> 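A single structure is presented below for examination.
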Amino acid sequence: MKKIGLFYSFQTTRTAEIAEKISIGIGEDIIDKIDVMETDFGAFENYNLLIFGIPTWFDGELPGYWDELLPGMESLKWKDRKIALFGLGDQRQYPANFGDAVGIMAEFLEQFQAEISGYTSVEGYTFLKSEAQRDDKFTGLLLDEDNQQGLTDQRVKDWVVQLKDEWKL
Amino acid sequence: MTKYSIKDTDKKKLKEWLYLMLLGRKIDSKAPNYLRQALGWSYHAPYAGHDGIQLAIGQVFEKNKDHFFPYYRDMLSVISAGMSAEEIILNGISKDSDPSSGGRHMSNHFAKPEWNIHNVSSSTGNHVLHAAGVARAIKYYDEKAVAISSQGESSVSEGYVYEAINGAAKEQLPVVFVIQDNGYGISVPKKDQTTLPKSGDAFGSIPNLKIFHCNGKDVFDSMNTMVKAKEYALSGKGPAIVHASCVRIHSHSNSDRHELYRDDYELKYVKDNDPIDKFKRMLIRYKRLTEEEITEIDEKAAAELKKAHKTALKAKNPDPESIYDFLYAKEYSDHKYPDGLHNEKGESVKFIEALNTTLKEEFRNNPDTFIWGQDIANKDKGGIFNVSKGMQQEFGQRRVFNAPIAEDFILGTANGMSRYDNKIRIVVEGAEFADYFWPAMEQYVEMSHEYWRTKGKFAPNVTIRLASGGYIGGGLYHSQSTEGVLSAFPGMRVVYPSFADDAAGLLRTAMRSEGPTLFLEPKALYNNPDAATVVPEGFSVPFGKARLIREGEKAAIITYGNTTHLSLKAAAKLEKETGAQVAVLDLRSLNPLDEDAIINLVQNTGKILIVHEDKTFAGFGGELSALITEKAFEFLDAPVMRIGSENTPVGFNPVLEKAILPGVEKIYSQLLKLVNY
């Protein structure tokens, strides 16, 4: 069975909760949870299927712990690796930067020919602008625990089903 | 283009940056202690959280070439640009040797004008206009340099920031406008300031302008962005905005308590994003420096701070006797007519012709002279009243040009452009009419105290022409007299001629002097034959020299501007009807004021009537009256009397205007009363 690397910060609260739901949904037996604050770069290369948890910070930035990894990630081989991204954002407080971090990471990885999986529809969200938006899709799963908490579980479930299908799990 | 990254940047450079960042942060953290110990630094706006962008600003700035306008939170920017810890502390505790202002300006306003790190206002963001102005000079003199202006995101709400960015883009000026966004204007979150979270994006539709974004908490992103922005500005395409995302780790300043409006989660969040911690983590993670090397750099920074602290504490305080030093910059003194008087015979010229001729003569005399304003030059039109007629044809569009309808921009860019070189002389039509000058007030105030505030290191060489006063049926917005308000600022010379020769002479003196002069032109006299005189060639009038234009011993009128002519008529009428001889003194200059001439007049006549067009209430005459009472009371034979306009706006209907403004009959009646007192 293929192993999947699920990378996120263990110091987060809500991102960690979502990661847990994804892990259960996909199957804990095939998921390795890895703390990006502690990891070395080699860990990324252990997997061909990866999931990154990337909340958006400030006015559309990667969290510092991801940002600090990028220079090292530049040197890794991303070609043919499939990566799915999820992240928390706030449509109401930050409508012009909703979920930007997911888009920033997608763009970064695509430079190195990684394949982004798990695009989702922008329907059901209200925002002005997002770096994660490509036409009518997001480059991953965007969740809004501040304003649409009630939709989170279903969105996660749907995304897990989608990933299983895309990755043929 | 150099691309900076944690992996590739030269180790020596990384060590240098870390040293600057640690040194800056140590001073930033220590600054409040000076206040606690009553040593000074009563205003301190900590920069912690802005470290990346501030390091980058200082690194891309080339001293003595570029021009940098830091704001009050830019401590690391100026340290990164080369200022020493000692210089920072000297400013903080306001010592005489503070390179910014010698203890005259507020603490945390760092500057070193001799390097082109400019001393700027506390009026937030107002220096963006100066940056646009100096960039105009950089472009005109074809220098490969840029102006860098730095400000917080909240100050982008100020209207003059739009004026500066729009104007710089229109003129394609080499400016980098850096917006350091920490999310707050003191306690006001930016959602209460602007519709866009990144306020720099509001300028996105302006052509020629390129907007960059960066993580101001990250050294490398900030460096790369500042380098790109500077390159864009240098390309000649136009200005750049760098919108840098920062965090404010501490309160706005030492008078603010951020725990009153930020919760624990937010305070932890910003602290967790401390740029200096991030930089150190990256140095270690990417094996560029060891823990030991970082410690060594930290200890070196601590030692420098200790040494600087000791030295700065021994520095002298400013001398209280020096308060009048550097109030007014050097006045032109090579006068052919030392008292500004002449007996030249010949053909009279109108007031407006005298101004036009003098402007042209001075433009021929000094190739570094410029004029701009609204309506200043379009084909055959030269100014709203054609005072600058023919100038653009003779001197070209780069020296004589229109400005947008933005009075603050007109004045602020004059201040900025004159920073480029002391040889530059600028004349502006401050507004279409003096009545519309008020939006420029903050730049006017700024200009008045630049020379004093920099302890003589910079004087804006600007003549501000304003078409003033009424008697043209112009109503509320074409009739205002502004000298009562505008004379109240130390450092600003104010002149108000009544005749063509004095207008020419004072304009020449203003344009040859250093420092700013407010040149008020009574527009009703532009074409009035009463104001026409012979103007000797090269005639100049020293500041602060009044002119006695009518002899008399029964009483005296002190006046200026339009009312000089009304006073002469009233005095002539009195003589004709009563035989009483009344003197008339035309002040010509309001600041400096010819106190000797005024006191002599009181001694010689004992009875004084002050006449001006501005309102009597809070008008300039009140100052004259007080001066006479204070210094020549014993010579008075009657109370000092005043005639001015009524304490109302000036009405549009001629009947209203006549009832409100002083006229010959009003002056005559009061004069008769005074003579008979």
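Sequence lines set the chain letters: A, B, ... in the order given, protein chains first and strands last, and positions in each chain run from 1. Owing to the predicted nature of the structure, the values given are computational and were not obtained by experimental measurement.
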> Could you verify whether a donor N or O on one side chain and an acceptor N or O on the other, from B:Ser80 and B:Gln59, lie under 3.5 Å apart?
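B:Gln59 and B:Ser80 do have a side-chain donor-acceptor pair below 3.5 Å.
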> Answer with yes or no whether the side chains of A:Asp144 and A:Gln91 bring together a donor and an acceptor at under 3.5 Å.
yes
> Is it true that B:Gln54 and B:Gln180 share a donor-acceptor pair across their side chains at a distance under 3.5 Å?
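Yes, because at least one side-chain N or O of B:Gln180 sits under 3.5 Å from a partner of the opposite role on B:Gln54.
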> Is chain B contacted by the side chain of A:Glu61, its backbone, both, or neither, given a heavy-atom distance below 4.5 Å?
side chain
> Parallel, tilted or perpendicular: which one describes the rings of A:Trp66 and A:Phe52, with boundaries at 30° and 60°?
tilted
> Which atoms of B:Asp8 are under 4.5 Å from chain A, going by heavy atoms: the side chain, the backbone, both sets, or neither?
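Neither part.
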> Quick one: what part of A:Leu69 sits under 4.5 Å from any heavy atom of chain B, side chain, backbone, both or neither?
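A:Leu69 touches chain B through backbone and side-chain heavy atoms alike.
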> Assign the ring pair A:Trp57 / B:Tyr269 to parallel, tilted or perpendicular, where the plane angle (0 to 90°) is split at 30° and 60°.
perpendicular
> Can you tell me which portion of A:Asp40 sits under 4.5 Å from chain B's heavy atoms? Options are side chain, backbone, both or neither.
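Contact with chain B is absent: no heavy atom of A:Asp40 under 4.5 Å.
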> Any chance the rings of B:Tyr71 and B:Tyr47 have centres within less than 6.0 Å?
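Judged by ring-centre distance (under 6.0 Å), B:Tyr71 and B:Tyr47 do not meet the cut-off.
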> For B:Ser245, is it the side chain, the backbone, both or neither that has a heavy atom under 4.5 Å from a heavy atom of chain A?
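Backbone plus side chain of B:Ser245, per the 4.5 Å heavy-atom cut-off to chain A.
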> Check whether A:Tyr94 gets within reach of chain B through its side chain, its backbone, both or neither, counting any heavy atom under 4.5 Å.
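Contact with chain B is absent: no heavy atom of A:Tyr94 under 4.5 Å.
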> Which bit of B:Asn215 is near chain A, if near means a heavy-atom gap under 4.5 Å: side chain, backbone, both or neither?
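B:Asn215 touches chain A through backbone and side-chain heavy atoms alike.
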> So what's closer than 4.5 Å to chain A heavy atoms on B:Asp181: side chain, backbone, both or neither?
side chain
> Can you confirm whether or not the ring centre of B:Tyr160 sits under 6.0 Å from the ring centre of B:Tyr162?
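Not under 6.0 Å, so no.
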> Does any backbone or side-chain atom of B:Lys278 lie under 4.5 Å from a heavy atom of chain A? Answer side chain, backbone, both or neither.
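Answer is both: backbone and side chain atoms of B:Lys278 are under 4.5 Å from chain A.
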